[in-house]
Amino acid sequence: MINITLPDNSIRQYESGATPLDIAKSISEGLARNVLSAKVNGELWDATRPIHHDALLKLLTWNDDEGKATMWHSSAHLMAEAIEYFYPGVKFGIGPHIDNGFYYDIDLGEQTISADDLPKIEEKILELARQKQSFIRKEVSKTEAISYFTNKGDEYKLELLNDLTDGQITFYESGNFVDLCRGPHIPDTSPIKAVKLLNIAGAYWRGDEKRKQMTRIYGISFPKQKELSEYLVLLEEAKKRDHRKLGKELELFTFSAKVGLGLPLWLPKGTALRERLEAFLKKDQKKAGYVQVMTPHIANKELYITSGHYAKYGKDSFQPISTPVEGEQFMLKPMNCPHHCEIYSWKPRSYKDLPVRIAEFGTVYRYEQSGELHGLTRVRGFTQDDAHIFCRPDQVKDEFIGVLNIVKHIFRALDFKEFTTQISLRDPNNREKYIGSDENWEKAESAILEVAKEQELQNVVIEYGEAAFYGPKMDFMVKDALGRKWQLGTIQVDYNLPERFELEYTGSDNQKHRPVMIHRAPFGSMERFVAVLLEHCAGKFPLWLTPEQAIVLPISEKYHDYAKKVLDLLNNYDIRAQIDERNEKTGKKIRDAELQKIPYMLIVGEKEEAENTVSVRKQSEGDQGTCSVEAFAATINDEIKKLLEE
RNA sequence: GCCGAUGUAGCUCAGCUGGCCAGAGCAGCUGAUUUGUAAUCAGCUGGUCGGGGGUUCGAAUCCCUCCAUCGGCUCCA
């Protein structure tokens, strides 16, 4: 007999060799029907794989991320089987699950697959799924495995096998498809009720651009047709919210091939919006003791040789600018840190001066590969909401708290309700590759962990080995209205640049000490942040930020004078508004204002003029009744105050 | 940079098995209308069909090439 401990800490006894599925059945038939896989002592496990020892068991269903992952992985196998059916002789790379679905990399040889072929493959997958094929796990020796794939002529699997240890190799067989696979898989294919192959793309074998490019097919599957339909609606919604589309529609920014790839042009409304964001952050930073600076867009190449960036990125950057002076070269600024280091060392610093917090909305230029450019999220010229904090090692913790407060305030004011924090620390097994003293690293890493704990951050992920060579960091990922995750702000400790720039301060002991440098950017970059914000709010910006807060809609020309009076009053109350004086019917003016996502429409006609009021319509909500301009202004200024509250 | 798809008016798109002056809706302009909570009506303007080259009696349509965009890959100080 074996003891199985369930997540609620209850312990049940089973015959040795019981499978998670058996155990599920002993609890309830319904549960057994829904089990996709399991976790046994933390290890992912097939629901049909026997357990021979006491264990902690978690049954995984569609409601668990890992349950979904199992089904998607099994769906990938099924897709491979379907593809093998239509395209015999193809070779397979890897076929894992991803956050939303799965993919398989395929070497089609001489054959080709186009998007038009996907529906028939989907059909075949569903047909195979309905056959209720079991996934059978087989432990095989390395020799057996090699002989199988040599026979099949799949050099990719053979290469994968190379890196595997004999005795730990498993095959999974389902229907006519056998694959080298760690598993786990769902018991049989019947839960796969709906499948959509989403797109088809090239992908390098093992992610190496020097190696063969394979065909990657992405797909997703669901246990219910309805869930697939909902997912497709979500994708449509995401398309509608695409910041590139909204940016154009709302007249925020544009691109011009003549100006250059990846170089955004900010239109008047976009600029005003961005300035408002900057003002918001500047205010917070002023309160938090930052000083604002400005530095030029180019700098002598020597600066980046000192910083070490030239050696590392020089050949992949915009190339140096020559001057009439022989041998003199300047570079477009790829980051602000070296400049800020020079500002730090502009005068001698005492321990009493620290922390010194130098902030700049600094525009930087990086030569991203052409295929990598994407709207505002990947560009070649962008503005970081950058700041560098120079402090003593014992101040790192407080500085992290200070930055964190700004980050939280931003997320609150912009209605990002959920965010995750990723803490990247050293690889504990390989400490030599990091610069800086062990003592300082210890101090900084524990400070970061303490901050996360004391500030009661939710959703903290700690990644060992993810730190940069020059310091540990903390990144923030927001979840947008559609549940998608975006990386935004970052706080990063740096032991490298202070060393390279020989930064110092005089301590209370009258000795020279090296300060710790902290890079931080709560928005990340203005471009990327505006993009994420646009997709998050679908263009309906928070009232304090939106380009136009209200529009006055006179019923006819007769009321233009009154409309102007209303506008003047609104201006007095610092409300951004304009008048739609076009010779159009009210319905048309409302429609256009709705499409422009202007939060408030103020309709004025005979009645309003007589009573000195406005008729208020709220965007996407409709008629709100009539009130005086003063009352309206007071309401929306209150609303803004609430949004910006700390 | 690599693989694949796409590129027609300011925008969204039709035409593309080669053949009448290249079409529609929206936007713009002109006029009529003076309008009450998501599109008033009429007329007009606007395109070297992404650029270049080729095949052909004839090319938006077929071929080559370059550029750009999109989906991925690689990269991301």
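Here is the naming used below: chain letters follow the sequence lines, and residue numbers restart at 1 for every chain.
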Query raised in the report: How would you label the contact of A:G207 with the nucleic acid (heavy atoms, under 4.0 Å): base, sugar-phosphate, or nothing?
Result: sugar-phosphate
Query - Rounded P spacing from B:C67 to B:U30 in Å - result: 42 Å
Query raised in the report: Given the C1' atoms of B:A38 and B:C62, what is the spacing between them in whole Å?
Result: 46 Å
Report task. For B:C16 versus B:A77, give the span between their C1' atoms, rounded off to a whole number of Å. Result -> 47 Å
Query raised in the report: Can you list the steps and then say if A:Y495 with A:Y470 is a ring-ring contact (aromatic ring centres under 6.0 Å, His included)?
Result: CA-CA 5 Å; A:Y495 298 117; A:Y470 50 80; 9.2 Å; no
Report summary line: To the nearest angstrom, the NE2-C1' distance between A:H243 and B:C70 comes to 13 Å
Report summary line: From CZ of A:F255 across to P of B:C67 the rounded distance in Å is 20 Å
Query - Test of ring centre spacing under 6.0 Å for A:Y218 and A:Y104 - result: no
Query raised in the report: Can the positive tip of A:R528 be found less than 6.0 Å from the middle of the six-membered ring of A:F382, inside 45° of the ring normal?
Result: no
Requested in this report: Return the value, rounded to whole Å, for the distance between atom CD of A:E368 and atom P of B:U69.
Outcome: 14 Å
Report summary line: On RNA chain B, more 5' by nearest nucleotide between A:Y365 and A:S556 is A:S556
Query raised in the report: If you look at every strand shown and take non-hydrogen atoms under 4.0 Å, does A:G605 touch a base, only sugar-phosphate, or nothing?
Result: base
Query raised in the report: Is A:A203 touching bases, backbone alone, or none of the nucleic acid, heavy atoms closer than 4.0 Å?
Result: sugar-phosphate
Requested in this report: Would you classify A:E606 as touching base, sugar-phosphate or nothing, given that sugar-phosphate means primed atoms plus P, OP1 and OP2, and contacts are heavy atoms under 4.0 Å?
Outcome: base
Query raised in the report: So what does A:K312 hit on the nucleic acid, given a heavy-atom distance under 4.0 Å: a base, only sugar-phosphate, or nothing?
Result: nothing
Query raised in the report: Starting at OH of A:Y367 and ending at P of B:C76, how long is that distance when rounded to a whole Å?
Result: 17 Å
Report summary line: note: A:R380, atom CZ; B:G1, atom C1'; distance rounded to Å ~ 11 Å
Query raised in the report: Quick one: is the NZ or CZ of A:K301 closer than 6.0 Å to the six-membered ring centre of A:F330, and within 45° of its axis?
Result: no
Report task. Consider the side chain of A:I590, meaning its heavy atoms from C-beta on, and name the nucleotide among B:U37, B:U40, B:G1 that approaches it most closely. Result -> B:U37
Query raised in the report: Within the structure shown, what part of the strands sits under 4.0 Å from A:R582 by heavy-atom distance: base, sugar-phosphate, or nothing?
Result: nothing
Query raised in the report: Across the strands shown, which category fits A:D623 at heavy-atom distances under 4.0 angstrom: base, sugar-phosphate, nothing?
Result: base
Query raised in the report: Should stems be defined as at least three consecutive Watson-Crick or G-U pairs with both distances under 3.5 angstrom, which of them involve RNA chain B?
Result: B:1-7 with B:67-73, B:10-13 with B:23-26, B:28-32 with B:40-44, B:50-54 with B:62-66
Query raised in the report: Do A:Q578 and A:E548 have side-chain N/O donor and acceptor atoms under 3.5 Å apart?
Result: yes
Query raised in the report: How are the rings of A:H340 and A:H388 set to each other: parallel, tilted or perpendicular (split at 30° and 60°)?
Result: perpendicular
Requested in this report: With heavy atoms under 4.0 Å as the rule, sort A:Y103 into base, sugar-phosphate or nothing.
Outcome: nothing
Requested in this report: Look only at the side chain of A:E535 and the backbone of A:A238, and say whether a donor-acceptor pair between them is shorter than 3.5 Å.
Outcome: no
Requested in this report: Spell out yes or no: do the side chain of A:R216 and the base of B:C73 have one donor N/O and one acceptor N/O closer than 3.5 Å?
Outcome: no
Query raised in the report: Expressed as a whole number of Å, how far does the P atom of B:A9 sit from that of B:A24?
Result: 14 Å
Report task. Provide the distance between the two P atoms, one in B:G43 and one in B:U69, to the nearest whole Å. Result -> 40 Å
Report task. Would you please confirm or rule out a distance under 4.0 Å between OP1 or OP2 of B:G71 and any side-chain N or O of A:H374? Result -> yes
Query raised in the report: Within 45° of the axis and under 6.0 Å from the centre of the six-membered ring of A:Y204, does NZ or CZ of A:R211 qualify?
Result: no
Query raised in the report: A:A201 side chain: which of B:A77, B:C75, B:G71 is closest?
Result: B:G71
Query raised in the report: A:W205 or A:S317: which one's nearest nucleotide on RNA chain B is closer to the 5' end?
Result: A:W205
Requested in this report: Kindly say if A:R211 contacts the phosphate of B:C73, meaning a side-chain N or O under 4.0 Å from OP1 or OP2.
Outcome: no
**Report entry** B:A77 base stacked by A:Y313 (centroids within less than 5.5 Å, tilt under 30°)
**Finding:** yes
Query raised in the report: Is any N or O donor-acceptor pair between the side chain of A:Y204 and the base of B:G1 shorter than 3.5 Å?
Result: yes
Query raised in the report: Any idea how A:F253 and A:H243 line up, ring-wise: parallel (<30°), tilted (30 to 60°), or perpendicular (>60°)?
Result: tilted
Query raised in the report: Which part of the nucleic acid, if any, lies within contact of A:K589, taking any heavy atom under 4.0 Å across all strands shown: a base, the sugar-phosphate backbone alone, or nothing?
Result: nothing
Query raised in the report: Atom CZ of A:R591 to atom C1' of B:A39: distance rounded to whole Å?
Result: 5 Å
Report summary line: In whole angstroms, the gap separating C1' of B:G72 from NZ of A:K212 amounts to 17 Å
Query raised in the report: For B:U37, does OP1 or OP2 lie under 4.0 Å from any side-chain N or O of A:T586?
Result: no
Query raised in the report: If you look at every strand shown and take non-hydrogen atoms under 4.0 Å, does A:E608 touch a base, only sugar-phosphate, or nothing?
Result: base
Query raised in the report: For B:U37, does OP1 or OP2 lie under 4.0 Å from any side-chain N or O of A:K618?
Result: no
Query raised in the report: The side chain of A:Y218 lies closest to which of these nucleotides: B:A77, B:U40, B:G72?
Result: B:G72
Query raised in the report: Where does the angle between the aromatic ring planes of A:Y156 and A:W205 fall among parallel (under 30°), tilted (30 to 60°) and perpendicular (over 60°)?
Result: perpendicular
Query - Heavy-atom donor-acceptor pair, A:Q213 side-chain to B:G4 base, under 3.5 Å - result: no
Query raised in the report: Looking only at atom C1', what distance separates B:G28 and B:U45, rounded to whole Å?
Result: 8 Å
Query raised in the report: Which is true for A:L261 with a 4.0 Å heavy-atom rule: it touches a base, it touches only sugar-phosphate, or it touches nothing?
Result: sugar-phosphate
Query raised in the report: Where the side chain of A:I555 is defined as all heavy atoms beyond and including C-beta, which of B:U12, B:G71, B:G36 is the nearest nucleotide?
Result: B:G36
Query raised in the report: So, is A:K588 near the phosphate of B:A27, with a side-chain N or O under 4.0 Å from OP1 or OP2?
Result: yes
Query raised in the report: What distance, rounded to whole Å, do you find between the two C1' atoms, one in B:C66 and one in B:G10?
Result: 26 Å
Requested in this report: Could you tell me the separation between the CZ atom of A:R617 and the P atom of B:U37, rounded to a whole number of Å?
Outcome: 9 Å
Query raised in the report: Looking only at atom P, what distance separates B:U48 and B:A60, rounded to whole Å?
Result: 13 Å
Requested in this report: Give me the ring orientation class for A:F529 and A:F523: parallel if the planes are under 30° apart, tilted from 30 to 60°, perpendicular past 60°.
Outcome: tilted
